[in-house]
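To start, I am sharing the structure in question, which I have written as structure tokens.
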Number of protein chains: 2
Amino acid sequence: MDQVKTDPRIIRTRKLIMDTFIDLSGKKEFKDITVKDITTEAMINRATFYYHFEDIYDLLDKVLSEVLLVNLKSEVYEKEEINEQSLTSIFKAITNFQMSLSNRCHRGYEDTIARIIRDQLEVLLYKMLLKQHQVKEDESLKVAAVMLSWGIYGASVEWRRNSQDATPEEYIKSAIPYILKGIE
Amino acid sequence: MDQVKTDPRIIRTRKLIMDTFIDLSGKKEFKDITVKDITTEAMINRATFYYHFEDIYDLLDKVLSEVLLVNLKSEVYEKEEINEQSLTSIFKAITNFQMSLSNRCHRGYEDTIARIIRDQLEVLLYKMLLKQHQVKEDESLKVAAVMLSWGIYGASVEWRRNSQDATPEEYIKSAIPYILKGIE
DNA sequence: GTAATTATGTTGGATATCCAACACAAGAAT
DNA sequence: ATTCTTGTGTTGGATATCCAACATAATTAC
């Protein structure tokens, strides 16, 4: 209701910075990208960068969150329940997202990326759980969301490490019933 | 020497507007493009548009001039003399430019476009003539540039109308000696 | 090692851009 | 004819962005 419109310059500038960063990260590794590189390419002042982001890690964080959010199409899932189908879709989205990242050579930032993924997952799963149980907030559901997010993320790691001969769906299928029993 | 740097925001904003305009003019006819269309798409305020351009015709003027300038690679030609080779290249550039325009359906603006082309040509040719005759300025050379620009432009119109079975080079080749005799 | 260069953040004052509002014109809808 | 809508240009005050300068850390060069 009381949402104050954000200044269009802010939207435009953030988009410029983020797009430029994504663009650059396709050309060189994250560790070789400087703030100056980004601002020069994006045609904005360096001071303006710091007006929007704490530092380059903050930018990485926000860019990845946004990309992941698109992958998760969360506006769709938020309205759904947690069941075999939605869980499988989410798992697919996560593995998909990680595969797209591994092409971009963000070596040394696996921890950061992992945290971002789990954070986003957790928020999404918590919303779905709340909806499913018809409550406004609930601490135990929050913890459940934490555990589910770690579980899904961990499964995606293990899948990448061991089982890429199976599809993500196949890999996770047999485990899902046990998970679902816990939260129903 | 005393060139004052233009504010980066100006460069960025003008580029945004011009690129958006070029983009839109590939999707609909010029007469259907409004200032609001452009500013919305470019994510800038309408008032900002008027800070940079008098109106949409002024924008058309500047966009076409710039595109044409690139076609003419004038920074190259400015240093050359007017001879068979450079005249042919320029003629090719003009016909090329007009062909690319005709795909974009600017029906009803042929006069505007013609004026822009001749203006740019005239400036370029005048510079080349000055260089060739080793003077700083000269009224009769200016008039010569006017006539040459009209001549080249007219030839390009006639070529488009009648002789597209000949290449631009072939079309203009036999006439060039007569032109060159006049200015040498 | 140490000098020289390059990147990071921060600040105060200058400038481009935004917003809301206005008057006006042109076309479409009823 | 008359609303109604949509686009054009313009203005004054608010805000994001720029610039120049600075201190500091990190890298590179010698």
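Computation of the quantities below employed the complete heavy-atom set of this structure, encompassing side-chain atoms and omitting hydrogens, waters and symmetry-equivalent molecules. Chain letters run A, B, ... following the sequence lines, proteins first, then strands; residues in each count from 1.
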Apply side-chain hydrogen bond (donor to acceptor under 3.5 Å, both in side chains) to S86(B) and N83(B), showing your working. CA-CA 5 Å; S86(B) 61; N83(B) 53 35; 3.1 Å; yes
Contact residues, residues 33-42 of chain B to DNA chain C [heavy atom, < 4.0 Å]: none
For R46(A), what residues pass the side-chain hydrogen bond (donor to acceptor under 3.5 Å, both in side chains) criterion, not counting sequence neighbours? none
Stepwise side-chain contact (heavy atoms from CB on, under 4.5 Å) check, D19(A) with D23(A): CA-CA 6 Å; D19(A) 285 352; D23(A) 194 45; over 6 Å; no
Scan R12(A) against the nucleic acid and name what it touches under 4.0 Å (heavy atoms): base, sugar-phosphate only, or nothing. sugar-phosphate
Here's a test of your reading of the structure: between D7(B) and E54(A), which maps to the more 5' nucleotide of DNA chain C? E54(A)
Positional range of nucleotides in DNA chain D within the contact set of chain A, heavy-atom, under 4.0 Å: dT15(D) to dC19(D)
Under the rule for side chain to side chain contact (heavy atoms under 4.5 Å, CB included), what residues qualify as partners of S65(A), not counting sequence neighbours? D61(A), I116(A), Q120(A)
List for me each residue that meets ring-ring contact (aromatic ring centres under 6.0 Å, His included) alongside Y51(A), sequence neighbours excluded, and say none if there are none. none
Donor-acceptor contact present, side-chain Q132(B) to main-chain I82(B), <3.5 Å: yes
Members of residues 43-52 of chain B that approach DNA chain C, where some heavy atom sits under 4.0 Å away: M43(B), I44(B), N45(B), A47(B), T48(B), Y51(B), H52(B)
Residues at least two apart in sequence or cross-chain that pass side chain to side chain contact (heavy atoms under 4.5 Å, CB included) with I11(B), listed by chain then number, are T6(B)
Tabulate atom names and distances for all N/O pairs under 3.5 angstrom spanning the protein and nucleotides 23-27 of chain C.
none

Quick one: salt bridge (Lys or Arg N to Asp or Glu O under 4.0 Å) partners of K131(A), sequence neighbours excluded? none
Going through the distances and angles, do I33(A) and K27(A) end up as a side-chain contact (heavy atoms from CB on, under 4.5 Å)? CA-CA 10 Å; I33(A) 299 175; K27(A) 296 175 184 159; over 6 Å; no
Between CG of L69(A) and CG of L124(A), what distance do you get to the nearest 0.5 Å? 8.5 Å
With sequence neighbours excluded, what pairs up with D58(A) under the side chain to side chain contact (heavy atoms under 4.5 Å, CB included) test? F53(A), E54(A), D55(A), K62(A)
Under the salt bridge (Lys or Arg N to Asp or Glu O under 4.0 Å) test, which residues partner R9(A), sequence neighbours left out? D7(A)
Residues in side chain to side chain contact (heavy atoms under 4.5 Å, CB included) contact with A114(A), at least two apart in sequence or another chain: R118(A), Y153(A)
